[in-house]
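Letters A, B, ... are given to chains in the order of the sequence lines, protein chains preceding strands, and every chain is numbered from 1. Note that the structure is predicted; figures quoted are calculated from it, not measured.
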Number of protein chains: 2
Amino acid sequence: MRISQLAAATEVPVATIKYYLREKLLHDGVLTSATQARYDDSHVRRLKLIRALIGTAGLSVSATREVLLGLENPPESGHDLLGIAHHAVSRTAPDDADLSSAQELLDRWGWGAETCDRDTQAALVKALHGLSEAGFEAPAALLDRYATAMQDIAEADVESVPTDSAEAAMRHVVLGTLLMEPVLLAMRRLAQQSASFRRFGGTETSRQSGTE
Amino acid sequence: MRISQLAAATEVPVATIKYYLREKLLHDGVLTSATQARYDDSHVRRLKLIRALIGTAGLSVSATREVLLGLENPPESGHDLLGIAHHAVSRTAPDDADLSSAQELLDRWGWGAETCDRDTQAALVKALHGLSEAGFEAPAALLDRYATAMQDIAEADVESVPTDSAEAAMRHVVLGTLLMEPVLLAMRRLAQQSASFRRFGGTETSRQSGTE
DNA sequence: CTAACTAGATACTGATACTCTCCAATATTG
DNA sequence: CAATATTGGAGAGTATCAGTATCTAGTTAG
């Protein structure tokens, strides 16, 4: 398979494929001469994965590279791979941040604070800080309800990891983590719309979009 | 309050404040002369809100402008305001997309498909499509579990909307929708880490971060 | 009066994710 | 076998976004 065919098969422009090759997101094809290389199904799959990570999950190119690297060189522990996936989505500032408020919440929810990485805790603190800066104080009861729901989902996530192959497990954890996030958010919005309609009703002008 | 004091009070650089003024995110101060304007608390609050929407919720400047506009000129129905908030976060392509798969899911979950806006449905379809393109098929049971959890959260969201003032309700809906998303995602990650640790254990090298 | 500050307009920057252009070296086709 | 098309590889160019910086007067505080 030549590069133009790879492009056709994935609907990714040739120039973009070359860019991904340069950026080491996509492994090189097998050179058959100085100006010709052969690509195969693995490239097709990889490209689709790249596009899903960048397009669907919204990762940056460099975060995508790290995730793919992690998938190829899996750490000894699945827990560490999860860390790689989480690290890829956490666009947190370098350091500091007072994690004590996070620790308290984690304790309250029974999630061992020591099993959770600092970046993710910092992300929570930052998100909550953003809320309060905007003058929105989330009641503890609401947060607890969120926590319960998230714990349920996380358990479903972890349970659904296949145990037969380590390879498959890795893939499942990473993709399930990253690619399910947009699904989750879309579902929340739909559920909100449904709940808000039941609660408040709507006008005739509701539900229209794209007129702007 | 002069612009430099506003900057000091919010930790937003003067140049950035001027940019927000140009972009109509922030309302003008009261001109006291050709080269002097007065700002007040409303500017401080607004700036913090802008920073939360852009920084915490990750909105673009133009999406932020639309949200703020919606908050200032509230539509007759709260449901429509929710639409504005949701529209702001849905970076969906213009048109098309086959929504029938979404309709089916919405029916299954008892969320009236007709009460849900098309952009959000399209976002769900796109997210699910990304999943399957990446070779990850989410089992229906898992999706259903997500749906149950999201419905619970959405109901909590809607219930927590204050009913006394329409003004406060608007604010609550929009901020609760937009600013809680990063909280939700951080909580899911933490819950996953906790669940994965319980399920698989971890190595000594786990939980380290920022070493890259 | 002088030094510091300001509004407003325009221009510039840095990051990101592509996209284009070239060239020599094939590969394909007639 | 000659004309045409395609490729690998490298470097430069582009578009967008979210700011920053500079400049010109005018204004104000000490």
**Request:** Answer with yes or no whether Thr35(B) presents, from its side chain, a donor or acceptor under 3.5 Å of a partner atom in the base of dG26(D).
**Result:** yes

**Prompt:** Of the candidate nucleotides dG8(D), dT20(D), dT19(C), which contains the atom at the shortest distance from the side chain of Ala15(B)?
**Reply:** dT20(D)

**Heavy atoms of other groups near Glu11(B) CD, more than 12 under 6.0 Å** = no

**Message:** Can you see if the side chain of Tyr39(A) gets near the phosphate of dG8(D) - specifically, an N or O under 4.0 Å from OP1 or OP2?
**Reply:** yes

**Prompt:** Which part of the nucleic acid, if any, lies within contact of Leu21(B), taking any heavy atom under 4.0 Å across all strands shown: a base, the sugar-phosphate backbone alone, or nothing?
**Reply:** nothing

**Prompt:** What is the distance, rounded to the nearest whole Å, between atom NZ of Lys24(B) and atom C1' of dA18(D)?
**Reply:** 18 Å

**Message:** Below 30° counts as parallel, above 60° as perpendicular, anything between as tilted: where do the rings of Tyr39(A) and His43(A) land?
**Reply:** perpendicular

**Request:** Give one of base, sugar-phosphate or nothing for Ile54(A), where a contact means two heavy atoms less than 4.0 Å apart.
**Result:** sugar-phosphate

**Message:** Looking at Arg38(B) and dT27(D), is any side-chain donor or acceptor paired with a base atom of the opposite kind under 3.5 Å?
**Reply:** no

**Asked** More than 12 non-hydrogen atoms from neighbouring residues, nucleotides or ligands closer than 6.0 Å to CD on Gln5(B), yes or no?
**Response** yes

**Prompt:** Starting at CZ of Arg2(B) and ending at P of dA7(C), how long is that distance when rounded to a whole Å?
**Reply:** 9 Å

**Between P of dG8(D) and CG of Asp28(A), the distance in whole Å** = 10 Å

**Asked** Counting side-chain heavy atoms from CB outward, which of dT20(D), dT6(C), dA7(C) is closest to Ala37(B)?
**Response** dA7(C)

**Fill in**
Here the distance between atom C1' of dG9(D) and atom CG of Leu26(A), to the nearest Å, is 15 Å

**Message:** So Ser60(B), base contact, sugar-phosphate only, or nothing? Heavy-atom distance under 4.0 Å.
**Reply:** sugar-phosphate

**Prompt:** With a 4.5 Å limit on heavy-atom distance, are the side chains of Leu53(A) and Leu68(A) in contact?
**Reply:** yes

**Prompt:** Quick one: which of Leu178(A), Leu69(A), Leu49(A), Ile54(A) gives a side-chain contact (heavy atoms from CB on, under 4.5 Å) with Thr64(A)?
**Reply:** Ile54(A)

**Fill in**
Separation of dG8(D) atom P from Gln5(A) atom CD, nearest Å, is 11 Å

**Prompt:** Closer to the 5' end of DNA chain C via nearest nucleotide, is it Pro13(A) or Lys18(A)?
**Reply:** Pro13(A)

**Asked** OP1, OP2 of dG19(D) versus side-chain N and O of Tyr20(B): anything below 4.0 Å?
**Response** yes

**Asked** How many Å lie between CZ on Arg65(B) and P on dG19(D), as a whole number?
**Response** 13 Å

**Complete:** Assign each of Ser33(A) and Arg22(A) the nucleotide of DNA chain C bearing its closest heavy atom; nearer the 5' end lies the nucleotide of Arg22(A)

**Prompt:** Just how far, in rounded Å, is C1' of dT19(C) from CD1 of Ile3(A)?
**Reply:** 13 Å

**Message:** Below the 4.0 Å mark, does dC18(C) have OP1 or OP2 next to a side-chain nitrogen or oxygen of Arg51(A)?
**Reply:** yes

**Prompt:** Got more than 12 heavy atoms from elsewhere within 6.0 Å of CD, Glu104(A)?
**Reply:** no

**Message:** Closest-nucleotide mapping onto DNA chain D: is Val61(B) or Ala34(B) further toward the 5' terminus? I mean the 5' end.
**Reply:** Val61(B)

**Item:** dT19(C) OP1/OP2 closer than 4.0 Å to side-chain N/O of Thr16(A)
**Value:** yes

**Item:** Leu59(A) CG - dC18(C) P separation (whole Å)
**Value:** 12 Å

